[in-house]
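What follows is a short report on a single structure.
Just so we're on the same page: letters track the sequence lines, and every chain starts at 1. Values below: every heavy atom of this structure, side chains too, minus hydrogens, waters and symmetry copies.
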Protein chains: 2
Amino acid sequence: MAKIKSSENSTKKETILEEAARLFYKKGFNAASMRDLAERLGVEAASLYNHIHSKAQILKDICMKVAEEFIANIEQVEAAEQPAIQKVEELLRFHIRKMIYKYEDVYVSDREWKHLAEPFLSEYRELRRNYRKRFAALIEQGVERQEINSINASTAVLIILHAVSGIESWHRSTQKITADLLEENMVTILVEGLRKN
Amino acid sequence: MAKIKSSENSTKKETILEEAARLFYKKGFNAASMRDLAERLGVEAASLYNHIHSKAQILKDICMKVAEEFIANIEQVEAAEQPAIQKVEELLRFHIRKMIYKYEDVYVSDREWKHLAEPFLSEYRELRRNYRKRFAALIEQGVERQEINSINASTAVLIILHAVSGIESWHRSTQKITADLLEENMVTILVEGLRKN
DNA sequence: CCTACCGATCGGTAGG
DNA sequence: CCTACCGATCGGTAGG
């Protein structure tokens with residue numbers, strides 16, 4: 001009669017989602033089994049279904065949660081009064097920090113969303129596309145105002161977003177530089193690559 | 001009595017590997033089944049085993065082939081007589097072109113290598129680590145010679161390698177800029193981010 | 001290259 | 001939350 005131990009501030013479902021993110025991060029969605037997950041939580045697989053509906057729903061919940069956070073952030077950044085290049089830098093820093101401190105969730109939503117079931121697959125794809133468009137629009141604004149080098153905005157977005165996902169390697173590396181130094185290095189390389197001299 | 005159609009220049013095994021790369025790229029290694037693969041090749045699943053030993057071996061062959069290509073290239077670049085920053089640019093361009101023209105193989109080896117079985121998992125991890133070290137060494141050389149901005153070399157490598165994998169999005173995008181323009185844009189952003197003013 | 005088939009594992013349910 | 005279990009699918013083999 002083992003029980004899922006959840007801390008005071010989170011429900012059992014949240015505890016399951018958290019452990020699932022770690023597991024999906026490590027093994028990938030398809031290779032991770034519900035029996036795997038149950039074992040990590042100290043219960044039998046069948047017991048999980050008292051708290052969640054399906055494996056597919058777990059993935060959906062993780063992906064949508066992450067998507068909402070990024071959308072909320074870009075809305076705030078867009079509304080602020082500041083140069084476009086600074087907006088881009090803020091977006092970049094948000095991505096970096098999420099990848100440093102919440103990397104399992106972000107990584108899973110980034111790499112495993114293809115395994116979402118419809119209609120969430122289409123929905124997620126659309127959220128993603130929309131986010132990237134808005135990100136690119138900020139870069140284009142920077143190009144127009146001559147704050148940013150004349151480059152293809154979509155390419156820049158693609159580089160930035162994928163570069164950030166490289167933080168996954170940093171997590172697994174044995175000789176880590178500090179999180180702050182990592183952030184500054186990334187900002188230096190990526191923002192300087194954009195900035196107009 | 002369907003037969004695997006292989007072109008003049010390739011064996012049936014090579015044809016299987018090629019189709020497998022496309023399939024693993026699309027679905028991921030675990031979600032792709034041997035029955036999937038067989039169907040795409042127009043034969044029954046059991047027939048594949050006359051040409052390959054196992055699903056695991058297919059992944060291993062793809063990953064090792066890609067690894068060898070990159071290692072052969074870095075050896076050539078290291079041996080050339082030119083400024084470090086130009087060596088870095090050459091490595092970058094090689095990665096970009098591979099991702100443009102052979103993206104299924106590269107993408108699979110990059111994203112699915114975790115599913116390799118031992119001893120290949122350890123071997124591949126080591127090849128990867130070694131390659132990154134050599135890449136980082138070239139960047140460090142550039143920093144010492146003051147051709148490159150003073151940044152953490154490992155971080156730079158991590159950014160560059162992951163940024164390049166973003167070309168996958170470019171493949172799937174509906175409004176593609178040309179391959180040449182993509183390459184120049186990536187080089188601009190990434191190399192300018194490194195170059196010392 | 002195919003038919004026929006195996007043992008293992010999967011996500012999930014019934015019922016308590 | 002557990003025991004017991006199901007149907008589906010998987011990688012792979014035997015034998016021709």
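- Using a cutoff of 4.0 Å between basic side-chain nitrogens and carboxylate oxygens, A/E14 and A/K65 are not scored as salt-bridged.
- With a 3.5 Å ceiling on both atom-pair distances, the Watson-Crick or G-U wobble partner of C/dG16 is D/dC1.
- Using cut-offs of 30° and 60° on the angle between ring planes, the pair B/H115 and B/F29 is parallel.
- Between B/H171 and B/Y103, the ring planes are parallel. Angles under 30° get that label, and only those over 60° would be called perpendicular.
- Judged purely by distance below 3.5 Å, without hydrogens or angles, the side chains of B/E147 and B/Q141 never pair a donor atom with an acceptor atom.
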Quiz prompt | nucleotides 8-16 of chain C: protein proximity per nucleotide (B base, S sugar-phosphate only, - neither; heavy atom, under 4.0 Å) | solution = --BBBB---
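- Between B/S169 and A/R132 the shortest heavy-atom distance is OG-NH1, 3.2 Å.
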